[in-house]
Chemist: 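The following block contains the structure, expressed as structure tokens.
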Amino acid sequence: MKRGSLVNVQDYRKAARAVLPRMLFDFVDGSALDGQTASRNCAGFSDWWFRAHSFRSTAEPDISWSAFGQRHAAPVIIAPTGASGLLWPSGEAETAEAAARRGHVMQVSAGSLLSMEEIAAGGKGEGERWLQLFLYRDRGLTREFLHRAKAAGYTAICVTTDAPVHGRRERDMRNGFTIDQRLRLSTLLDAAIHCRWWFRMRGSGRLTLKNFAGRATGNMNDMAAYIASVLDPDVTWDDISWLRSEWEGPLIIKGILHPDDACEAIARGCDGVQISNHGGRQLDGTLSAIDALPAVSDAVEGRVPIFLDGGIERGTDILKAIALGATACVIGRAHLWGLAVAGGKGVEAVCDVLVAELRNAMVIGGWKALSDLDRSAVTRLPQ
Ligand SMILES: Cc1cc2nc3c(=O)[nH]c(=O)nc-3n(C[C@H](O)[C@H](O)[C@H](O)COP(=O)(O)O)c2cc1C
């Protein structure tokens with residue numbers, strides 16, 4: 001596929017499918033069980049229609065937003081995606097550099113191949129990064145991550161609530177996907193067909209989840225098993241209060257779908273909520289992000305910023321989410337397709353596409369600034 005023919009996120013997905021070994025494409029694209037939530041994450045946006053205005057446009061709409069005392073150029077945030085360094089050499093650092101060049105916040109997964117310090121260095125000191133964490137059984141490990149995050153310049157912590165255990169991702173199960181690929185015949189054949197990926201990755205050395213290097217030894221499978229063993233399915237809101245007492249910067253809860261949970265998060269001192277169902281990779285059948293947004297927004301009543309991830313593939317999706325109460329949107333698979341196709345430049349290109357679509361829609365629809373959008377900007381038609 002020629003670079004000029006990559007004009008939208010779906011084009012990048014198709015191009016990524018062509019370059020990635022099948023099991024890696026499936027790892028990114030896949031979802032839990034029947035994928036109902038993953039599909040609805042995308043489809044839910046098309047239930048909402050703009051009420052565009054006439055003669056109100058400006059050629060340069062203001063798409064900046066602010067949270068936690070910082071102003072940002074555009075409402076696009078990079079989602080935490082574990083093991084994305086499998087898609088491109090030093091993938092997480094490339095992503096950090098791309099995000100920094102474009103002024104987008106990057107949420108960095110604790111399950112990255114590179115360490116949080118290496119990823120922070122990838123942004124060359126520029127750019128804002130938030131560290132995504134799970135709550136681990138070992139509070140010492142969580143505390144250690146908080147200290148390291150602060151020292152490496154991470155400005156906020158995002159705690160993911162929806163992965164006390166891994167979801168059942170059947171494409172991964174069928175493919176026998178393990179992060180540390182043993183050289184099975186099928187793996188070799190797959191890699192041979194996708195030789196560009198193979199050549200690119202061959203100099204990457206031993207792949208490992210470096211944030212956990214001091215805690216677990218062995219290959220990536222041993223590490224993944226270690227991480228699974230320290231995830232804590234017994235986490236309660238009291239643990240969030242504990243985390244609040246340990247981290248003085250902004251604290252965001254990622255994985256909120258229920259308005260009561262959004263209120264609980266605020267009551268526990270959290271500074272932001274992120275509506276998310278992990279891209280439909282955890283509990284299939286749970287509400288889509290855009291369907292959950294109106295009720296959460298009503299409950300939050302503007303007390304804290306609301307971030308939303310799940311199914312964002314168009315700048316118009318972002319605009320609809322902002323009209324329904326989101327402050328900014330977070331992109332998971334979309335940026336990974338760009339990364340798989342062209343490394344950091346691909347991440348930048350995907351973000352640029354979304355921003356261009358967003359700006360274009362604002363000019364045509366007659367919204368001068370993101371702050372002009374409220375619920376009156378969209379309507380839901382009966383099915
Ligand atoms: C390959 C992959 C890995 C992910 N790893 C993490 C992770 O380590 N931590 C986390 O909180 N969410 C993780 N997520 C979920 C994303 O942060 C985000 O919630 C989701 O991708 C948003 O949906 P979208 O892909 O439709 O944009 C991952 C998603 C993907 C696709």
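Scope of the values below: all heavy atoms of this structure, side chains included, with no hydrogens, waters or symmetry mates.
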Chemist: Do Val341 and Trp88 land in one hydrophobic cluster if side-chain heavy atoms of ILVMFWY residues count as linked below 4.5 Å?
Modeler: yes
Chemist: Could you go through the salt bridge (charged side-chain N to carboxylate O under 4.0 Å, His left out) check for Asp271 and Arg244 one step at a time?
Modeler: CA-CA 10 Å; Asp271 305 284; Arg244 175 69 290 177; 2.7 Å; yes
Chemist: Have Trp130 and Gln132 got a donor and an acceptor in their side chains that come within less than 3.5 Å?
Modeler: no
Chemist: Give a yes or no on whether the backbone of Ala98 and the side-chain of Glu348 come within a donor-acceptor separation of less than 3.5 Å.
Modeler: no
Chemist: Tell me, please, which residues at least two apart from Asn360 pass side-chain hydrogen bond (donor to acceptor under 3.5 Å, both in side chains).
Modeler: none
Chemist: Between Asp162 and Lys254, is a salt bridge (charged side-chain N to carboxylate O under 4.0 Å, His left out) present by the stated rule, with each step listed?
Modeler: CA-CA 8 Å; Asp162 56 13; Lys254 172 179 185 280; 5.2 Å; no
Chemist: Could you check whether Arg17 pairs with Asp29 (Lys NZ or Arg NE/NH1/NH2 to Asp/Glu carboxylate O, under 4.0 Å)?
Modeler: no
Chemist: For Leu86, does its backbone N or O pair with a side-chain atom of Trp197 as donor and acceptor, under 3.5 Å?
Modeler: yes
Chemist: Using side-chain hydrogen bond (donor to acceptor under 3.5 Å, both in side chains) as the criterion, list what pairs up with Glu94, not counting sequence neighbours.
Modeler: none
Chemist: May I have the step-by-step check of side-chain contact (heavy atoms from CB on, under 4.5 Å) for Val76 and Ile312, ending in yes or no?
Modeler: CA-CA 10 Å; Val76 175; Ile312 302 283; over 6 Å; no
Chemist: Is it the case that one hydrophobic cluster holds both Val105 and Ile252, taking links as side-chain heavy atoms less than 4.5 Å apart, direct or via other members?
Modeler: yes
Chemist: Starting at CD1 of Ile119, measure out to NZ of Lys210 and round the result to the nearest 0.5 Å.
Modeler: 9.5 Å
Chemist: Hey, does Val363 have a side-chain heavy atom less than 4.5 Å from the side chain of Pro61?
Modeler: yes
Chemist: Not counting sequence neighbours, which residues clear side-chain hydrogen bond (donor to acceptor under 3.5 Å, both in side chains) with Glu170? List them please.
Modeler: none
Chemist: Please walk me through it: do Leu319 and Met362 pass side-chain contact (heavy atoms from CB on, under 4.5 Å)?
Modeler: CA-CA 8 Å; Leu319 212 51; Met362 287 180 73; 3.6 Å; yes
Chemist: Can you tell me how far apart CZ (Arg171) and CZ (Phe25) are? Round to the nearest 0.5 Å.
Modeler: 6.0 Å
Chemist: For a 4.5 angstrom cut-off between non-hydrogen side-chain atoms, does Arg215 reach Glu144?
Modeler: yes
Chemist: With no hydrogens and no angle check, is any side-chain donor or acceptor of Arg333 less than 3.5 Å from a backbone partner on Val28?
Modeler: yes
Chemist: Evaluate salt bridge (charged side-chain N to carboxylate O under 4.0 Å, His left out) for Arg40 paired with Asp47, printing each intermediate quantity in order.
Modeler: CA-CA 10 Å; Arg40 179 70 197 167; Asp47 283 354; 2.6 Å; yes
Chemist: Verify the cluster assignment for Val304 and Trp65: are they in a single hydrophobic cluster under the rule of side-chain heavy atoms below 4.5 Å apart?
Modeler: no
Chemist: Linking I/L/V/M/F/W/Y whenever their side-chain heavy atoms sit closer than 4.5 Å, directly or via other members, would Val235 and Trp247 fall into one cluster?
Modeler: yes
Chemist: How long is the straight-line distance from OH of Tyr136 back to OH of Tyr226, given to the nearest 0.5 Å?
Modeler: 9.0 Å
Chemist: Check the pair Arg143 / Trp242 against side-chain contact (heavy atoms from CB on, under 4.5 Å), numbers first and verdict last.
Modeler: CA-CA 10 Å; Arg143 200 178 269 132; Trp242 171 79; 3.8 Å; yes
Chemist: Measuring from Lys368:NZ to Leu373:CG, what's the distance to the nearest 0.5 Å?
Modeler: 12.5 Å
Chemist: Are the side chains of Phe199 and Arg202 in contact, using a 4.5 Å heavy-atom criterion?
Modeler: yes
Chemist: Okay, side chain of Asp372, backbone of Trp367: is any donor-acceptor separation there less than 3.5 Å?
Modeler: no
Chemist: Looking at Thr327 and Ile306, would you say the former's side chain and the latter's main chain have a donor-acceptor pair under 3.5 Å?
Modeler: yes
Chemist: Transitively linked via ILVMFWY side-chain contacts under 4.5 Å: Leu131 with Leu231?
Modeler: yes
Chemist: Can you list everything that forms a side-chain contact (heavy atoms from CB on, under 4.5 Å) with Ser46? Sequence neighbours excluded, please.
Modeler: none
Chemist: Just by modelled atom types, is the Gly35 backbone N or O under 3.5 Å from a matching donor or acceptor in the Ser39 side chain?
Modeler: yes
Chemist: Residues two or more places apart in sequence or in another chain: which of them pass side-chain hydrogen bond (donor to acceptor under 3.5 Å, both in side chains) with Thr236?
Modeler: Asp239
Chemist: Taking the inter-plane angle between the rings of His278 and Phe134 on a 0 to 90° scale, is it parallel (under 30°), tilted (30 to 60°) or perpendicular (over 60°)?
Modeler: parallel
Chemist: Taking Arg137 for the side chain and Ser229 for the main chain, is one N or O donor matched with an acceptor at less than 3.5 Å?
Modeler: yes
Chemist: Would a distance-only check, ignoring hydrogens and angles, find a side-chain to backbone donor-acceptor pair under 3.5 Å from Arg375 to Pro294?
Modeler: yes
Chemist: Tell me yes or no: between the side chains of Arg169 and Gln282, is some donor less than 3.5 Å from an acceptor?
Modeler: yes
Chemist: So, the side chain of Asn8 versus the backbone of Gln10: is there a donor-acceptor pair under 3.5 Å, distance only?
Modeler: yes
Chemist: Could you please spell out the steps behind the side-chain contact (heavy atoms from CB on, under 4.5 Å) verdict for Lys14 and Asp11?
Modeler: CA-CA 5 Å; Lys14 279 184 213 133; Asp11 289 341; 4.1 Å; yes
Chemist: Taking the side chain as C-beta and beyond, is there a heavy-atom pair between Phe45 and Thr316 under 4.5 Å?
Modeler: no
Chemist: Atom CG in Asp232, atom OG1 in Thr142: separation rounded to 0.5 Å?
Modeler: 8.5 Å
Chemist: Using the salt bridge (charged side-chain N to carboxylate O under 4.0 Å, His left out) rule, collect all pairs that involve residues 300-326, keeping only residues at least two apart or in two chains.
Modeler: Arg314-Glu357
Chemist: Apply the side chain to side chain donor-acceptor pair (under 3.5 Å) test between Asn277 and each candidate in Thr286, Thr37, Asn41; give the one that qualifies.
Modeler: Asn41
Chemist: Would Arg281 count as a cation-pi partner of Phe27, with NZ or CZ less than 6.0 Å from the six-membered ring centre and within 45° of the ring normal?
Modeler: yes
Chemist: Tell me, do Tyr154 and Arg148 make a side-chain contact under 4.5 Å, heavy atoms counted?
Modeler: no
Chemist: State the CZ-SG distance between Arg102 and Cys351, to the nearest 0.5 angstrom.
Modeler: 8.5 Å
